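This report refers to the structure that appears directly beneath it.
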Amino acid sequence: MAKEVQQRDRVIIRFAGDSGDGMQLTGDRFTSETAEFGNDISTLPDFPAEIRAPAGTLPGVSAFQLHFADHDVMTPGDAPDVLVAMNPAALKANVADLRVGGDLIVNTDEFTPRNLAKVGYAANPLEDDSLSSYQVHSIPLTSLTVKALEGYSITRKDAERAKNMFALGLLSWLYNRPTETTLAFLERKFAKAPELARSNVTAFNAGWNFGETTEAFTVRYEVKPAVMPPGLYRNITGNTALSYGLVAASVRSGLPLFLGSYPITPASDILHELAKHKRFGVRTFQAEDEIAGIGAALGAAFGGAIGVTTTSGPGVDLKSEAIGLAVTLELPLLICDIQRAGPSTGMPTKAEQSDLLLAMFGRHGEAPVPIIAPRSPSDCFDAAIEAVRIAVTYRTPVFLLSDAYLANGSEPWLVPDVDSLPELPVVFATEPNHAKADGSPEFWPYLRDSTTLARPWALPGTPGLEHRIGGIEKADGSGNISYDPSNHDTMVRLRQAKVDGIARDIPPLEVDDPDGDADVLVLGWGSTYGPIGAACRIVRDEGGKVAQAHLRHLNPLPADTGDVLSRYRRVLIPEMNLGQLALLIRGKFLVDAISFTRVRGMPFKSDELADAIRDVIEAS
Amino acid sequence: MAKEVQQRDRVIIRFAGDSGDGMQLTGDRFTSETAEFGNDISTLPDFPAEIRAPAGTLPGVSAFQLHFADHDVMTPGDAPDVLVAMNPAALKANVADLRVGGDLIVNTDEFTPRNLAKVGYAANPLEDDSLSSYQVHSIPLTSLTVKALEGYSITRKDAERAKNMFALGLLSWLYNRPTETTLAFLERKFAKAPELARSNVTAFNAGWNFGETTEAFTVRYEVKPAVMPPGLYRNITGNTALSYGLVAASVRSGLPLFLGSYPITPASDILHELAKHKRFGVRTFQAEDEIAGIGAALGAAFGGAIGVTTTSGPGVDLKSEAIGLAVTLELPLLICDIQRAGPSTGMPTKAEQSDLLLAMFGRHGEAPVPIIAPRSPSDCFDAAIEAVRIAVTYRTPVFLLSDAYLANGSEPWLVPDVDSLPELPVVFATEPNHAKADGSPEFWPYLRDSTTLARPWALPGTPGLEHRIGGIEKADGSGNISYDPSNHDTMVRLRQAKVDGIARDIPPLEVDDPDGDADVLVLGWGSTYGPIGAACRIVRDEGGKVAQAHLRHLNPLPADTGDVLSRYRRVLIPEMNLGQLALLIRGKFLVDAISFTRVRGMPFKSDELADAIRDVIEAS
Amino acid sequence: MSIPVQGPPSGRRQGLDLVPVTAEKGTKKEYTSDQEVRWCPGCGDYAILAAVQSFLPELGLKRENIVCISGIGCAARFPYYLNTYGMHSIHGRAPAIATGLATSRPDLSVWVMGGDGDFMSIGGNHLIHALRRNVNLKLLMFNNRIYGLTKGQYSPTSEVGKVTKSTPAGSVDTPFNPVSLALGAEATFVARTIDSDRKHLTSVLRAATEHRGAAFVEILQNCNIFNDGAFDLLKNPETRDTAVVRLEHGAPVRFGNDGEKGVRMTERGALEVVDVAEVGEDALLVHDVKHEEPALAFMLSRLGNVDDGVTPIGVFRAVDRPAYDDQVREQLEDAVRTAGPGDLAALLASGDTWTTN
Amino acid sequence: MSIPVQGPPSGRRQGLDLVPVTAEKGTKKEYTSDQEVRWCPGCGDYAILAAVQSFLPELGLKRENIVCISGIGCAARFPYYLNTYGMHSIHGRAPAIATGLATSRPDLSVWVMGGDGDFMSIGGNHLIHALRRNVNLKLLMFNNRIYGLTKGQYSPTSEVGKVTKSTPAGSVDTPFNPVSLALGAEATFVARTIDSDRKHLTSVLRAATEHRGAAFVEILQNCNIFNDGAFDLLKNPETRDTAVVRLEHGAPVRFGNDGEKGVRMTERGALEVVDVAEVGEDALLVHDVKHEEPALAFMLSRLGNVDDGVTPIGVFRAVDRPAYDDQVREQLEDAVRTAGPGDLAALLASGDTWTTN
Ligand SMILES: Cc1ncc(C[n+]2csc(CCOP(=O)(O)OP(=O)(O)O)c2C)c(N)n1
Ligand SMILES: Cc1ncc(C[n+]2csc(CCOP(=O)(O)OP(=O)(O)O)c2C)c(N)n1
Ligand code: SF4
Ligand code: SF4
Ligand SMILES: [Mg+2]
Ligand SMILES: [Mg+2]
């Protein structure tokens, strides 16, 4: 009974199984328990590609990884310490990532000749020595669960399905997690089917007791709670945080939120989430295509709403023309691009950072658009508010570049106090702003604010300000159609200056250079923040010196970016693309930045990044 | 009778009038006569914006400028020596450009109080001294024409309309042009209305005789023929040359040409031109939108045609997603972007070079596309053939970036010998190229040529090569769907390497550095070739040293670009955008290139470029 | 100003309900902007503009609550000339943009103007979706059966065999019949009228504004530059009475110089043109714009195929169906009614939470 | 190989004319690719795949001359599983891509497969234009009334009130009736069938291949994950006979367990469901797929509105009209016939030329 308890400062667990095995749910529950316990966490779900592949096949494998620790966690982790493999496909697809010496928990019931053959195992890997570098725990999870549930009046299928709760119980025991939230969750989830609720609870307890009783496990682990700033926490994914950020921006600005969107992985969840918040006056319009989605958002913006459109790469392509219209109309608009692996359909469920230059340049003509990128799942909340702030202040479309990893990954979030959120005051035009030659007042829709260069936002319904805007070049000030060559030059430069000028209004680039004497700066953007931070930590732990800076504003860049870069001998830019930020930084600052790229649809491993940093330090 | 004849080495004439005044036709005819005479020429039509504005208004002014000389001409000229203004609007819109001391020929009949008021002339400029810096020739062109045509059984309207032929006759006399082609043209044009033919000929002759007889003109000018390489010449616009280039590529490759297009200014004329060439098996498909246009072209390419789509900026935006598909399908496809002033609708009839970065980066994911740009109207012919060559050789979409100026501008073209045109041999796959595990043959659509990295082009209808391609990431070689992370990284880099590798297959960057000792290099691309060349000539004529290089291949750049750049102390990059090539050059080569930009919808003036060059020379 | 995003308590609405009215109707002059009109002299668009400028004041709405949204094309220049709020957007997308505006602003009367290319070529999809959704928009399509602005290519409503710049050997594709297409797309209001018939045009506009939901109006418009005379048969005093069939709700379908012709349904479910004197008025089809099923209206839309050159004009269909935007707003109101207005702090703190201190 | 771009001398063509045939018909196995099928177990797409794989060999065409083009969606995975040429393209654009292929290659039999979202949402415009043009394509729309691939949002064919991930309070927009929309878009061939009725499905496919031009086939398809049972009424042996109306050319429209029900046209030009015993078979509407006007077919497409839950299946319309691609090719042939094949040297040297030496 009294098993040995070992201390760990961090653990990475991956649950892997068939799409139908409920691995996402298992992961979610373990995450909740762990959060409740007080560890810091980072999670990474790894869905199968798009459609549900036939059971037991490789494309059907669904996985969920979580990393928890007694200190702050920056990534979902590179190599799992524990892999739960519910079938041969899950084993095959995931075992290579398992740390040598790690725990491998397999559901032996599924290791039938048929299932093994399905994924190309010539022999049963549990029976040869191919897994000898791991601590293998072969457990007939399915049959143990079914046995535990004998006597319940549920179908055999339902009994088998509960095996994920058995596994969860076992893992909860292994890491000594609090179980209340899971038990409460099961009651809630099966509120309408009490027998299912009871049987799932039983399966969960059976798993716990199995750990406690059996000889298979000789040690339990303990991971102490992390010290985190005090406050109310919840776990949150990037897509949820982004949605909440939009709702918050609507509340704080007093403007209604209008989402025009067409479903696409991995952005659809934002549409789903926002569709729930009708009480906040949020309108969600599922359009006939991406163009209609952004078009409707722009129409709503003309009417005074916060117009938002959410999509991923292929949708951004289609929205290009409308974004260009928004640039020239100078209306606020938010385009959220949840980046996925391209080109074309690519790998829809996988992450990539390859839309940066698309966001910068993906429209004909000179059509500058500010770009913001969140760095972590919970940061999507703040990034969304900041993006809306820029859009409404500067009357401009703004790009928010998230990605599939941020979208579905999660981490604990210190729930902010509503009053601490930025206010987003918006002043609409109500009066004429110009005098005609005869002295009578008139309204000039392109007379700019001298600081922000923003034009007035005059809503339909405002008497006396009736005006027409359009995509043809406009005369500076009056906004009337103009084909005057030098006016065009002026307007092109004004639009650029307006966007460039936002640099005055954003914080300087924060640099994390603990001793202030590093030679090498690692510059990143977006979801690589965690892996880069973890890699820097690895390098520093070895005594290496490295500085980290992470860009939230990609366009314009913070005003001091050039200064910061010039303080370091070498600049390393890791990206999940072929070097898009690197091109911009090199072109703008003539700094010989080193581009380190991996385009695998997955976050960097902190180990490989640490290697890259070491290489640069050594070479410099 | 025997008027004084003065020699000129070059003359710039601008015809300007109302849209209904036939100025384009007049310009065209004068161009033909001048070409026939043997001068070198460059022309620039300047259409009114889109719709026909009401008669006599400024937006309704239509102009045509031509520059002819006894030596090679590089641009349509900065400031006209002669302005023909058919009405007050034409005068007002154009007179500021006229060289001081230049000839101003005005049609006094149109200078009525009503017409003057229409364009905001408080007083008749012919009657105050506002035009005193020009040689004003006030001529009642309309009434002289009508008088000359008394007795013809045509309507008064038709008689008035012939005033452009009167003006043409006068100018033809003034510059001593051969008149046969115009007379023959009129016979052809009015073949079905002989009375109109006769009256137009009479008007033309009346104009000639008016010059000969009246005191208004005391000198005639003579511009000697230019020395040009011997051969058969014709005048050609960029859009026609581009169309011919496509037909030639079809003939030389033996592949049928398929154009999928949606009308848009200034690209529509290519559709119109190609629609005429059914005898060449050219299929033109006027699609429901730009996406369908490129989609159909891609479908045709799958079937073995040269698939082409023609458009301008807004259309390119819309085609982005399909271009990304073509990138990953690795099928040949040509996207001709006839750039116009943006963003959004912008100024549809005006030129700009602002789609370069769109062509480079305007698609989600890493989706590299080769880019070619013609440098002059006739060069569109060769550029089109080169673009098709790259597309079919490398199985890739290719961008051809022309612009509104090249599209409508014209110059003499030494008609090439068909046999001298590149052959474009294409080999389709006919056999399996791989062996299954069991040794039986199979076809792998993504097994690449080891040199070009091109994949095989296997046409439907080829037995044994049945295969499926798609936008999802494909396994290297087999082309089967693959979500394997490292395969994706491989494929992303392979597609990039394929495009980068084209650099091996294009000529080195030609540098025009007469003495080989210039410190300053002017680097350009596209339609700025003429103005840059003319500016360099101006600077060199003053004894300045400057080198010129012009990029035809924008992606990839010629392999020696970096070398060339490194040979010069300063690099100046003039562009009709905000510095798009400059960003690429700086980012790629870390060269502190100076960007000189004007975004006015019109070609650079060679004078302002010469100034810019002088500044750089002085500063370096 | 504050934005009235919520309308009064819900319930089925009529025509321009929710759009604020004014005591003093405006004048045509007030509805005319200061921008110079730049269509070709003689263009049919002028007549449409004049009709709309005269008609709008009649509605007695606050002028600032009228918005006109267009795409690109000659027709699409329309907003510049109306002294209301307006947006000249991008080619084909006006119905989508207007959908967003109408859905978020119940207090606006939203008009969409455009050409046949704008609405039926590049914008075809947005049009049919706006119609099936029944968004509260007035959609006026100026059908000149040609692309005017791009200087004369054939359009999706050009007749077969049309020789244009892009079809020198004649077009080969069957055009859309805009009325049929709209009916096939579940439109609740479909009408056709003619640029030059000011009275009829105005009466159709009036019917369209009385309709709540998407009202699609095809206006046959002469492009005297690139497709001159396309509708001469319908305009020429000599031919028009035998060519134009004026549909009137509740009346038998008759036409001809003295109403001597009529339209009757055959047993096979087709229409035929008959001599009223022969068959008697009772045998004629009685037009019913309120028919819950669009099939009869659809049949009428094909009359030109049955009897060459005959063109029915007027309202084909005008049935009640809740408007998309009204329903969207109702869902918001319902949510607030049943669960109270949103509480941001509660939202942020929803789900499993824990506290550390 | 050389590309056969020109067909034999022109003239009106039938069905699959110009596509090379083979002496040895293939087998279902030969038409099955080596790729693992990745739909959810139980998905209706399996039945459609099996039917197509069995049916195609029947045509006796050379397998390499068959091409299947799709957009994106579950349905759009179809090409991977057919051992013919295929392209899995981008969302909604398959009809456009196929148009280019069919227009340039008369020797191919081109099929377009996709879902209701692919064809009617993002791809709606390409669909209606392909139909009016009458491009020689077989367009099969797998209508599961949901977005499957993106995990369950409502689609333009979802019924009003549908609760989905994106419409938690129920959808408010009226869906398209795909048959009505196609007819409104001037389609020459329109049919509807059901995934699970192999025999009917195959008979409709046969009719579609016999048709030259665009053949639009709506296949009601069960998505057992996100919209399970959507068509149960039409499949359940208890209800199907009274719910499904099988249209047969030339036959009176009857249905019911023993054909006891029938469809008749009222004087008002609407349809009604009647008791055959009462009215007599002669009173029933006789279905005519060849009717030159689509109005009756349109009326039939609305039968479900008239009598709730009744769904007509079969061929609604199948009329002759020259195919777009055939006509395009004829224009090329004509040009060559009248003016000879193109001469590049002559083209380049056309217009005003001059010589210098
Ligand atoms: C995306 C895009 N494609 C093409 C064009 C070019 N274009 C402008 S208007 C137009 C069609 C005009 O025809 P129609 O809509 O019938 O209007 P009309 O000019 O006849 O009134 C086209 C093709 C454009 N502006 N934008
Ligand atoms: C441009 C673009 N927009 C959106 C998507 C996402 N997407 C893929 S399939 C699909 C709809 C699927 O529904 P349907 O066409 O009915 O096919 P089903 O999966 O139901 O067979 C969507 C929205 C995409 N791949 N590309
Ligand atoms: S081109 Fe035609 S539609 Fe356009 S303004 Fe002129 S007449 Fe009117
Ligand atoms: S989600 Fe639905 S349509 Fe897609 S494969 Fe599964 S059952 Fe079929
Ligand atoms: Mg038109
Ligand atoms: Mg579907």
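Note that the structure is a prediction, hence the values are computed from the model and not measured. A, B, ... follow the sequence lines: proteins, then strands. Residue 1 opens every chain.
- Once rounded to the nearest 0.5 Å, the distance linking CZ of B/Phe47 with NZ of C/Lys151 reads 6.5 Å.
- Heavy atoms closer than 4.5 Å to chain C are found nowhere in B/Ala292, neither backbone nor side chain.
- Residues B/Glu288 and C/Ser121 share a closest heavy-atom pair of O-OG, 2.9 Å.
- With values rounded to the nearest 0.5 angstrom, B/Ser344 atom OG is found 7.0 Å from C/Ile72 atom CD1.
- Heavy atoms only, all atoms of each residue included: C/Tyr154 and B/Gln286 are closest at O-NE2, 2.7 Å.
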Using the rule given for side-chain contact (heavy atoms from CB on, under 4.5 Å), can you reason through B/Leu318 versus C/Ile122, listing the C-alpha separation, both sets of side-chain angles and the distance that settles it, and then say yes or no? CA-CA 11 Å; B/Leu318 292 168; C/Ile122 192 168; 4.1 Å; yes

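- Counting heavy atoms from C-beta outward, C/His91 and B/Pro314 have side chains that stay 4.5 Å or more apart.
- For a heavy-atom cut-off of 4.5 Å, chain B lies close to C/Lys165, C/Ser166, C/Pro168, C/Ala169 in residues 162-172 of chain C.
- Heavy-atom neighbours of B/Arg114 CZ from other residues, nucleotides or ligands within 6.0 Å: at or below the threshold of 12.
- Contact of the C/Val37 side chain with the B/Pro54 side chain is not registered, since no non-hydrogen atoms from C-beta on lie closer than 4.5 Å.
- Between C/Thr150 and B/Ile264, the closest heavy-atom pair is CG2-CA, 4.3 Å.
- With sequence neighbours left out, the side chain to side chain contact (heavy atoms under 4.5 Å, CB included) criterion links C/Glu64 to A/Pro463, A/Glu466, C/Lys62, C/Tyr85.
- Listed by chain and residue number, C/Glu218 satisfy the salt bridge (charged side-chain N to carboxylate O under 4.0 Å, His left out) test with C/Arg192 (two or more places apart in sequence, or in another chain).
- Contacts of B/Ala248 classified as side chain to side chain contact (heavy atoms under 4.5 Å, CB included), with partners at least two apart in sequence or in another chain: B/Phe381, B/Ile385, B/Leu421, D/Leu344.
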